[in-house]
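These notes concern the structure reproduced below.
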Amino acid sequence: MTINIVIFASGNGTNAENIVRHFAGSDTVKVAAMFTGNPRAGVIERMSRYGVPCRIFSREQWNDPTDIVNELHRLETRLIVLAGFLSVVKKEIIDAVGGNIINIHPSLLPRHGGKGMWGMHVHRAVLEAGDTESGITIHYVTEEIDGGAILCQRRCPVMPGDTPESLAQRVHQLEYDALPGVIATLADTMQAS
């Protein structure tokens, strides 16, 4: 049985592309679609190269997610992966997949999480706090921002002279390395249940 996943993304889509490449030809995991609320997101072009259907939703559809939920059901979605998705996910969407929705956050939660903490904001906060290490956290999504159960954390050092950009490069590499494995493990668990 193949586990259909849907990626939600808002930006350039390097993590989304990494997921699609990793599972190309897989009998276990299929990227059924990518959803975005940003019609200019770079991820749309990346996904089109791989033949992944892209669904662009409006602000109205996000505020009343009935259409999005119906599409998730139509796609037989078992898992949603947030890969650089910047909106707070509605309860209806979380419920549509039985809570099987994960996010990748660019810090070691609970440090530097919560409202307003995304992308370079996180890396700046890590440096301003004088942290000696940073990393990633892959966690379940709940109604509490960055509050769901942690599935995986990977660490990297904060180097002397780091900028938010140089730290971001090391953190991105952790994301690329860790996320496909977490997805594969969750898919195996879903197949077994």
Side-chain angles (χ1 to χ4, degrees), residues 5-22 34-47 54 56-59 62-63 65 79-91 93-94 99 101-183 186:
I5 71 170
V6 170
I7 298 170
F8 278 51
S10 298
N12 197 25
T14 56
N15 268 313
E17 183 175 17
N18 184 48
I19 293 166
V20 171
R21 279 201 321 252
H22 184 87
M34 186 282 301
F35 285 37
T36 185
N38 179 2
R40 293 179 303 282
V43 69
I44 297 167
E45 169 63 26
R46 285 181 188 273
M47 294 297 96
C54 297
I56 302 169
F57 54 81
S58 66
R59 182 174 301 279
W62 185 250
N63 290 335
L79 176 67
I80 295 172
V81 179
L82 305 185
F85 187 68
L86 300 181
S87 297
V88 177
V89 179
K90 307 264 185 211
K91 180 181 187 312
I93 294 172
I94 297 169
I101 177 169
I102 62 172
N103 181 48
I104 188 159
H105 184 80
S107 75
L108 298 170
L109 292 175
R111 289 187 65 72
H112 312 297
K115 188 173 172 125
M117 295 306 281
W118 55 273
M120 288 298 171
H121 299 289
V122 175
H123 304 307
R124 278 189 209 96
V126 167
L127 295 175
E128 288 168 6
D131 293 357
T132 58
E133 65 176 0
S134 189
I136 63 161
T137 303
I138 301 171
H139 63 94
Y140 278 111
V141 173
T142 64
E143 292 181 79
E144 179 188 351
I145 298 172
D146 296 329
I150 292 172
L151 293 162
C152 171
Q153 286 189 314
R154 298 274 174 90
R155 299 170 186 275
C156 66
V158 175
M159 309 296 275
D162 254 338
T163 64
E165 293 77 13
S166 63
L167 179 57
Q169 287 181 339
R170 282 197 304 287
V171 169
H172 283 315
Q173 191 58 54
L174 295 175
E175 294 173 354
Y176 303 149
D177 293 344
L179 189 54
V182 170
I183 293 168
L186 289 173

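All values below come from the heavy atoms of this structure, side chains included, with hydrogens, waters and symmetry mates left out.
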List the atom pairs, donor and acceptor, that lie under 3.5 Å between side-chain atoms in residues 8-16 and the rest of the protein, sequence neighbours left out.
unit_1, atom_1, unit_2, atom_2, d
S10, OG, L86, N, 3.1
T14, OG1, Y176, OH, 2.9
N15, ND2, E175, OE1, 2.8

Tabulate below the donor-acceptor pairs under 3.5 Å that side-chain atoms of residues 151-158 make, not counting sequence neighbours, or state none.
unit_1, atom_1, unit_2, atom_2, d
Q153, NE2, L109, O, 2.9
Q153, NE2, T137, OG1, 2.9
R155, NH1, E133, OE2, 2.7

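Under the salt bridge (Lys or Arg N to Asp or Glu O under 4.0 Å) criterion, E143 pairs with no residue at all, not counting sequence neighbours. Under the side chain to side chain donor-acceptor pair (under 3.5 Å) criterion, R124 pairs with no residue at all, not counting sequence neighbours. S166 meets the side chain to side chain contact (heavy atoms under 4.5 Å, CB included) test with D162, T163; sequence neighbours excluded. In this view, S107 and H105 satisfy the side chain to side chain donor-acceptor pair (under 3.5 Å) rule, not counting sequence neighbours. For H172, the ring pair (Phe, Tyr, Trp, His ring centres under 6.0 Å) criterion is met by no residue, not counting sequence neighbours. Here T36 pairs with nothing under the side chain to side chain donor-acceptor pair (under 3.5 Å) rule; sequence neighbours left out. For the salt bridge (Lys or Arg N to Asp or Glu O under 4.0 Å) test, residues two or more places apart in sequence or in another chain that qualify with K91 are D95. Evaluation of the side chain to side chain contact (heavy atoms under 4.5 Å, CB included) rule for T132 yields no partner, not counting sequence neighbours. Residues meeting the salt bridge (Lys or Arg N to Asp or Glu O under 4.0 Å) test with D131, sequence neighbours left out: R111.
The distance from the CD1 atom of I102 to the CD1 atom of I5 is 8.0 Å, given to the nearest 0.5 Å. To the nearest 0.5 Å, atoms CG (N63) and CZ (F57) are separated by 10.0 Å. The distance from the OG1 atom of T142 to the CD1 atom of I94 is 6.5 Å, given to the nearest 0.5 Å. Between N18 atom CG and L179 atom CG the span is 7.5 Å, to the nearest 0.5 Å. Rounded to the nearest 0.5 Å, atoms SG (C54) and CD (E45) are 9.5 Å apart. The distance from atom CD1 of I138 to atom CG of L174, rounded to the nearest 0.5 Å, is 9.5 Å.
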Practice prompt. Let me see the working for V89 and I80 under side-chain contact (heavy atoms from CB on, under 4.5 Å), right down to the final yes or no.
Written response: CA-CA 11 Å; V89 179; I80 295 172; over 6 Å; no

Practice prompt. Quick one: do R170 and M159 satisfy side-chain contact (heavy atoms from CB on, under 4.5 Å)? Show the steps, please.
Written response: CA-CA 10 Å; R170 282 197 304 287; M159 309 296 275; 3.4 Å; yes

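The two residues M120 and A168 come nearest to each other via the heavy atoms CE-CB, 3.7 Å. The heavy-atom pair separating P39 from I44 by the smallest distance is O-CD1, 3.5 Å. Nearest heavy atoms, V122 versus P106: CG1-O, 3.3 Å. The two atoms that bring A125 and M117 nearest to each other are CB-CE, 3.4 Å, heavy atoms only. Taking every heavy atom of both residues into account, D146 and G114 meet most closely at OD2-N, 2.8 Å. What you find for I7 and V20 is that their closest heavy atoms are CD1-CG2, 4.4 Å.
When side chains are defined from C-beta on, N38 does not count as touching V43, because their heavy atoms never get closer than 4.5 Å. Using a 4.5 Å heavy-atom cutoff, the side chains of V171 and V126 are not in contact.
Residue pairs that meet the ring pair (Phe, Tyr, Trp, His ring centres under 6.0 Å) test with at least one member in residues 122-148, sequence neighbours left out, do not exist here.
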